[in-house]
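Values in this document were obtained by computation on a predicted structure and should not be read as measured data.
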Amino acid sequence: MRTNKYLKIEIQTELDLYKFIEHSNKPREKKRAIAILMSNEKKSVPEIAKKLNMNPDTVYDWLINFTNAGLDGIKDKPISGRPKKLRPQNEEAIKEVLKKSS
């Protein structure tokens with residue numbers, strides 16, 4: 001069974017997490033950072049999991065990853081597989097066409 005301890009982070013780390021949330025464009029990373037901040041506010045893992053609609057085991061993993069690797073521990077890992085063939089400028093053009101057609 002996992003312990004129900006809270007993370008205690010330094011003020012600078014807390015500020016770094018807020019900046020991370022503000023600048024990240026990945027919702028999963030933001031959710032992980034919010035979980036770390038909630039733990040720092042002495043919220044329990046089950047409470048954090050409930051508020052974020054996640055499994056408590058997943059939240060525990062996030063806290064462990066953050067403890068071991070800092071901000072790098074909550075970032076998305078690279079996804080394997082074939083890279084996109086569509087160029088970013090073409091993707092934007094397609095999105096514009098789709099907006100106009102709806």
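- Within a 6.0 Å radius of CD in Q89, other residues, nucleotides and ligands contribute more than 12 heavy atoms.
- Rounding to the nearest 0.5 Å places CD of E47 at 13.5 Å from NZ of K42.
- Evaluated for a side-chain hydrogen bond (donor to acceptor under 3.5 Å, both in side chains) with S24, the options E29, K30, K19 yield exactly one hit, E29.
- Scanning both residues, S39 and L63, for their nearest heavy atoms gives CB-CD2, 3.9 Å.
- For CG of N68, the number of neighbouring non-hydrogen atoms (other residues, nucleotides, ligands) closer than 6.0 Å is greater than 12.
- For the pair A33 and I21, the tightest heavy-atom approach, listed with the atom from each and the gap, is CB-CG1, 3.5 Å.
- Distance OH/Y60 to CG/N55: 10.5 Å, rounded to 0.5 Å.
- Rounded to the nearest 0.5 Å, atoms CD (E14) and CG (L37) are 6.0 Å apart.
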- Go through the steps to decide whether N90 and R87 satisfy the test side-chain contact (heavy atoms from CB on, under 4.5 Å), and finish with yes or no. CA-CA 5 Å; N90 293 345; R87 293 186 189 130; 4.0 Å; yes
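- Y6 is not listed as a side-chain neighbour of N40, based on a closest heavy-atom distance of 4.5 Å or more.
- Going from atom NZ of K31 over to atom CH2 of W62 covers 6.0 Å, rounded to the nearest 0.5 Å.
- V45 is not listed as a side-chain neighbour of D57, based on a closest heavy-atom distance of 4.5 Å or more.
- The residues D72 and K77 are annotated as not salt-bridged, no charged nitrogen and carboxylate oxygen being separated by less than 4.0 angstrom.
- Each of T58, D61, D76 was checked for a side-chain hydrogen bond (donor to acceptor under 3.5 Å, both in side chains) with R32, and the lone residue meeting it is D76.
- The distance from the CD atom of E41 to the NZ atom of K43 is 5.5 Å, given to the nearest 0.5 Å.
- L17 and L15 fall into different hydrophobic clusters, where Ile, Leu, Val, Met, Phe, Trp and Tyr side chains are chained together by heavy-atom contacts under 4.5 Å.
- For the atom pair L7 CG and T67 OG1, the distance stands at 4.5 Å (nearest 0.5 Å).
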